[in-house]
Amino acid sequence: MKNIVILISGRGSNMQAIVEAQLPGARIAAVIANRPDAAGLAWAAERGIATAALDHKAFASREDFDAALAAQIDAFAPDLVVLAGFMRILTPGFTQHYAGRMFNIHPSLLPAFPGLHTHQRALDAGCRLAGATVHFVTAELDHGPIVAQGVVAVADDDTADSLAAKVLRVEHQIYPQAVRWFVEGRLTLAGQRVRVDGGSADGALVC
Ligand code: GAR
């Protein structure tokens, strides 16, 4: 059984998708938020999942917060840490500690549009395709080795909100898939590339 700790900052719909996938061999050990009012915490607690909140505003520095967060995560002995809408920039020490065992999901087709406001930026750039990326977390924001991507077509009348909704549906498919591969021990890192034993066709989702 692989222990998974999921970090959220808000509603946690990706967390919910992973929990509801009921992946064989995976145990959701805890859901931890950096905001005590994160809606996803209540959802997880109602389902009997251990939850914790660690308010980043209570810490003097990013390093102090990350050290306390790592201690809390490690109490659950995670095999994999899953960032699911966890809106914090992480220190290099934190990312190094979880190297090769921490995922993030980002709402763009990386390496395009790292950072914030991805959907508006994709529209402003005239993109015909948009999507989401699951990647291993490294020290550089939104730049780690890519595990899975999902693609949607951009419609002429799309707004940032309508595009976000389309992309979110894709996120809910590729994130459980990527976690499944990790739990099944099928992922191998080779530099910036990720190899999926048994084939990665279903990690390139086109909607
Ligand atoms: C998701 O769209 C996720 O890709 C994005 O925040 C949203 C969280 O939604 N993450 C980032 O922008 C990280 N850079 P959720 O709380 O419903 O999963």
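Note that ligands are numbered from 1 as they come in the structure, with each ligand's atoms numbered from 1 the same way.
- Considering Thr118, Val170, Asn14 only, the shortest heavy-atom separation from atom 18 (O) of ligand 1 involves Asn14.
- Note: no N/O pair closer than 3.5 Å links Asn104 and ligand 1 by distance alone.
- Counting only distance, with no hydrogens or angles, the side chain of Ser108 and the backbone of Phe113 share a donor-acceptor pair below 3.5 Å.
- With Arg121 contributing its side chain and Pro114 its backbone, the two residues share a donor-acceptor pair below 3.5 Å.
- The atoms of ligand 1 that sit less than 4.0 Å from any heavy atom of His106 are 14 (N).
- If you number the atoms of ligand 1 from 1 as listed, the ones under 4.0 Å from a heavy atom of Ile105 come out as 4 (O), 10 (N), 13 (C).
- Of the polar atoms of Gly115, none of the N or O atoms is found under 3.5 Å from an N or O of ligand 1, judged by distance alone.
- The shortest N or O to N or O distance between Asp142 and ligand 1 is not below 3.5 Å.
- Residue contacts with ligand 1 do not include Ile8, since none of its heavy atoms lies under 4.0 Å from the ligand.
- Taking 4.0 Å as the cut-off, Ala132 does not count as a neighbour of ligand 1 on heavy-atom distance.
- In this structure, Arg193 and Pro145 have side chains that are not in contact, with every pair of non-hydrogen atoms separated by 4.5 Å or more.
- Proximity annotation for atom 11 (C) of ligand 1: of Ala84, Pro107, Gly85, Ser13, Pro107 comes nearest, heavy atoms only.
- Residue His119 forms a side chain to side chain contact (heavy atoms under 4.5 Å, CB included) with just one option from Asp158, Val167, Val154, and that option is Val167.
- At least one heavy atom of Met87 sits less than 4.0 Å from an atom of ligand 1.
- Classification of the Phe103-Phe182 ring pair by plane angle, with boundaries at 30° and 60°, yields perpendicular.
- At distances below 3.5 Å, at least one donor-acceptor pair connects side-chain atoms of Asp79 with backbone N or O atoms of Asn3.
- Within the 4.0 Å heavy-atom criterion, neither part of Met15 lies near ligand 1.
- Residue, atom and distance of the protein heavy atom nearest to atom 9 (O) of ligand 1 are Arg11 NH2, 3.3 Å.
- For atom 16 (O) of ligand 1, the closest non-hydrogen atom of the protein is Gly12 N, 2.9 Å.
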| request: In sequence, state the C-alpha distance, the side-chain angles, and the governing distance for Met102 and Phe136, and then conclude on side-chain contact (heavy atoms from CB on, under 4.5 Å). | output: CA-CA 6 Å; Met102 182 157 65; Phe136 280 101; over 6 Å; no
| said: If you apply the rule salt bridge (Lys or Arg N to Asp or Glu O under 4.0 Å), what do you find for Asp64 with Arg62, and how did you get there? | reply: CA-CA 6 Å; Asp64 288 353; Arg62 221 172 257 290; over 6 Å; no
| said: With side-chain contact (heavy atoms from CB on, under 4.5 Å) as the criterion, how do Ile32 and Thr51 come out once you've worked through the C-alpha distance, each side chain's angles and the decisive distance to 0.1 Å? | reply: CA-CA 6 Å; Ile32 301 174; Thr51 60; over 6 Å; no
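- Less than 4.0 angstrom separates some heavy atom of Glu171 from each of these atoms of ligand 1: 1 (C), 2 (O), 3 (C), 4 (O).
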